[in-house]
Structure formats: structure tokens, C-alpha cells
S.K.: 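Handing you a structure now.
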Amino acid sequence: MVELDTIFNSVKDRSLFKNKYVLQSNYYPEEILHRDNEVKHIASILAPSLLGQKTSNLFIYGKTGTGKTLSVQYVTNELTKRAKSSKILRIEYINCKLKKVADTEYRILAELIKKLGSEVPPTGLPTDQVYLKFIEILRNCEEKLLILILDEIDQAVKRISSDFLYNLTRLNSELDKIQIVIVGISNDLKFLDMIDQRVRSSLSEEELVFHPYNALQLQDILRKRSDIAFKSNCVSEGVIAKCAAFAAREHGDSRRALDLLRVAAEIAEREASTKIDMKHIDMANNKIERDKILDIVESGTKQFQLVLFSILDLSKSRPEEKIFTGNVYNYYENLAKRLNIDVLTQRRIGDLIAELDMLGLINAVVISKGRQGRTRQIKLAIPQKVSEKAREILVESLHL
DNA sequence: CGAGATTCATGTGAAGTATACCTTTAGGCTTAA
DNA sequence: AAGCCTAAAGGTATACTTCACATGAATCTCGTA
């Protein structure tokens, strides 16, 4: 019956994935690689909480995909496991970036109250009322300690003021039975400079920086995950290394590395390939880059799109010539008039061009042409294939 | 011929305006006691 | 009277404008050799 085996095996689904979930960003690995020191550090700071003692507030920062959230959650999970029996400790995690859930002072508090098992109307109450309610709930808590993890806290503080943090750190003096420990996580390395000195000193009693992974560490992480994610023998030699190298070049972002691998696998699958090859990594890299660009193009404002379209058109119609701000503005002006869209001032167009430069869609260098004044020299910075697709999107969205 | 002044076309910064959207609050309406 | 709802008032972020001044090399000017 060996024949049947081969027949069935050939019919069996061709998927390369055994468990795709492992490569997604919300997956929690059992073991965190190359973050031993950080995990230990966090654990040692938070350890006294098991006895119900107030620990130092902790502030963690590091770029995206360096394992901050993962490490913190790992430690807190372990803490909860050990503290479960004794009603000493309570840990709440809030991601401040989630739109419509926790991106204002009010909503963060409301979310907290909800997690602590009470309700607050989604809108309407003055903020200090919510504070009172929050304190009220805390007074009734059995636990002695609340560890509050505020992820992507920089996002929240950008829209709210740092007073919020100040209030939180000050709450402790109003509470007797329960104490709050704040663990802040931020992507922005300069975040602490932005906030108030008095908040700063109380918030970051302990600080911890997560450095980017290097290529070798990324390889370990990828290898480990791909063992679980893929069926055996699906990954060609060197794929992992290449993937890691790509991601390491972009500030050691592990999320990026995993995305790359996942997208590469999806591409390989679509090609009905039995293995993930080097070329798939390249394709995946292009696709991710391309999606990012197209996303920017698609989500920009009309004026933004119009300016981009002008640059696209200019560099297409006369590729040899250099493009300057003035050219773009003239072209843009005509276009806008024709489309019956308000014509913006040159000042603003200059800013929009600077924005395009920041986003990496174009390269713009300020040069002086002597008597012919100063201007930006603009060059398209996206591959031709992508720019054609971008053009299509723009034609569509501007009803050209 | 060369040092310094001039000039051009736009960069850059600050401050102000318009608009849309959100929060807050006060007043009025409803409901339950 | 307490609670709830709503609409006006007040706030805030965004996208833009206006005004004012800054830049820096090609070009012009003029004194000098």
C-alpha cells in the first residue's frame, strides 16, 4: 500500500505552514531569546511585589521589535502565576495606542476601570469624576499592589499632556490600602526628554533600554519560530540568514524579520513551491516595501496626492531633467485648477515636498543655483514598478 | 582681476485662520419615589 | 429629587495661509594693478 501513500501525500495540502500563527505579531513564544538580562532585570525590580511591597516604577524604552512588550509580559505572567493564590498582586496591561480604546486620558481610565470589573459610561462624565471612581474602586480592592503596564505610552502622552502621568504617580499618596506601580513602555528614545521633570523623576525610578537585535540574534529567533511554523524541510539553506540580515539592516526589528519570513512563505506557497527560497525573501522584501509605499500614497490627503502625482508625472515625462520646487508647483497649480481643487500656496507645497522626502518617497536636496536662487532638487526614490502602481492609485482616487 | 555687494528663487520659522471633531457642562426633560 | 439626555459652549488637532526673514552661490560692480 505504499502506492496509496504517495498518492495521498501528493494530494495532501501543499501548505508550507504547520502553524502560521507563530509568525504573527501577537504570538507569545514560551521562551524569549537573547533577552535574558533584560528579563532578569525586570524580574528583580518587580520581585518585591510578590510580598505586596511597593516596588520602583519602571520605564522601558527601545525601538519597535526589540522585545519590550514580550519581556514585560513574560515577567508579569510569571508573577501572576506565583501570586495567584495570595491575593496580593494585580497586574493590568493597557496599550495606549489602540485608537478608540485607550488613546485619551478619559479612555485609558475607563478601560482600567472596566478591567477592574466596573463600568463607566463611554462619554459624558468629567474626567475628575472618573478619577474619583477609579480611586473608589481601588479602595475596595483586596489586593495590596497594582502593577500598571502602559504600553506605547509615548503615543498617549503626545495627545494628552504629561499631567496624566503625574496624576497617576501621585495617586499613591491618596491611597492607603493599595499601591500602584507603573511600568511604562515607549518606542521613542527621546520620550523622557519631552516630559515634565517632576513626572520624570517619579516615573522612571528605574530605567531599562532594549537595544536592537543583531543579525545573529535575529537568526536564532527566526530559526526557533520557523521550526514551529513550517513543516520540516521547507526552508532552504541561507534563507533565515538572509532574512535576519535584511531586518538587522533596518534597526534590528524582529517584527520586521518575522513579517519578512511569513510573507516570503506566502509567496512561495502561491507559487506552489515546496521550499522557501532566497528569491522569495527578495520578493517579500519588495512586497513589504511596496505595500508600505502604496499605503502612504493611498492614505494621503488630496493635496498630498496631487503633489506626489505632479512629481511622478514630471519625472516620467522628462526623466533626464532635474526637478525643482518651482516646476512641481507650476505643474501642481495647473493640475489643481483643472480638477477644480483649491490651489495651495507655494509655502505649503514646500512643506508637502519635505514630507514626501521624510517618508522616503522622494529624495529632495536643498541646493543653491547661484543667481537662479535656492531650491530643492527632487528625485523619485521608489522603484519604477511601484511608482506605476502608485500612479494608478492616484488616478483612481483623484478621478483623473 | 579679485573682493565684496547683489540677486534670485526658494527655504524656514512664527504666528494666525478655518474647519472638523471631541469633551464638557448646563439646562431641560423624564422618571421613580 | 435624581437621573438622563441633548445642545450649546469651549477645546484641540489638522491643514492651511500670511508675513518676515534667511540662504548661498552665480553674477555684477568697482577699485586696483
S.K.: The side chain of Arg347(A) is closest to which nucleotide in this list: dT12(B), dT17(C), dG11(B)?
M.R.: dT12(B)

S.K.: Over how many whole Å does the gap from Ile349(A) atom CD1 to dG11(B) atom P extend?
M.R.: 11 Å

S.K.: Can you tell me how far P of dT17(C) sits from CG of Asp342(A), to the nearest Å?
M.R.: 8 Å

S.K.: Distance criterion of 3.5 Å, no angle test: do you see the side chain of Arg374(A) paired donor-to-acceptor with the base of dT23(C)?
M.R.: yes

S.K.: Any N or O donor-acceptor pair linking the side chain of Arg371(A) to the base of dG24(C) at under 3.5 Å?
M.R.: no

S.K.: How far does CZ of Phe304(A) sit from CG of Leu359(A), to the nearest 0.5 angstrom?
M.R.: 5.0 Å

S.K.: Hey, does Val343(A) reach any base, or is it just sugar-phosphate, or nothing, if we go heavy atoms under 4.0 Å?
M.R.: sugar-phosphate

S.K.: Starting from Val72(A), can I reach Leu145(A) by hopping between I/L/V/M/F/W/Y residues whose side chains sit under 4.5 Å apart?
M.R.: yes

S.K.: Would you kindly give the CZ-to-P distance between Arg348(A) and dT12(B), to the nearest whole Å?
M.R.: 14 Å

S.K.: Just one of Lys242(A), Arg256(A), His280(A) clears the side-chain hydrogen bond (donor to acceptor under 3.5 Å, both in side chains) bar with Asn285(A), so which one?
M.R.: Arg256(A)

S.K.: Supply the atom-to-atom distance Met283(A) CE to Glu266(A) CD, rounded to the nearest 0.5 angstrom.
M.R.: 12.5 Å

S.K.: Rounding to a whole Å, what distance do you find between Lys302(A):NZ and dT14(C):C1'?
M.R.: 17 Å

S.K.: If I take atom CG in residue Asp357(A) and atom C1' in nucleotide dG11(B), what distance separates them, rounded to the nearest angstrom?
M.R.: 13 Å

S.K.: With a 4.0 Å cutoff (strictly under), does any side-chain N or O of Thr325(A) reach OP1 or OP2 of dG11(B)?
M.R.: yes

S.K.: Within the structure, does a side-chain N or O atom of Gln372(A) lie under 4.0 Å from either OP1 or OP2 of dT7(B)?
M.R.: no

S.K.: OP1 or OP2 of dA9(B) sitting under 4.0 Å from any side-chain N/O of Thr375(A)?
M.R.: no

S.K.: Leu352(A) CG to dA15(C) P: how many Å, rounded?
M.R.: 10 Å

S.K.: How many Å lie between CD on Glu355(A) and C1' on dG11(B), as a whole number?
M.R.: 16 Å

S.K.: Of all the choices, dT12(B), dT17(C), dT10(B), which nucleotide is nearest to the side chain of Leu344(A) once you look at every atom?
M.R.: dT17(C)

S.K.: Examine distances only and state if a side-chain atom of Tyr213(A) and a backbone atom of Ala244(A) form a donor-acceptor pair shorter than 3.5 Å.
M.R.: no

S.K.: In whole angstrom, what separates Ile323(A)'s CD1 from dA9(B)'s C1'?
M.R.: 17 Å

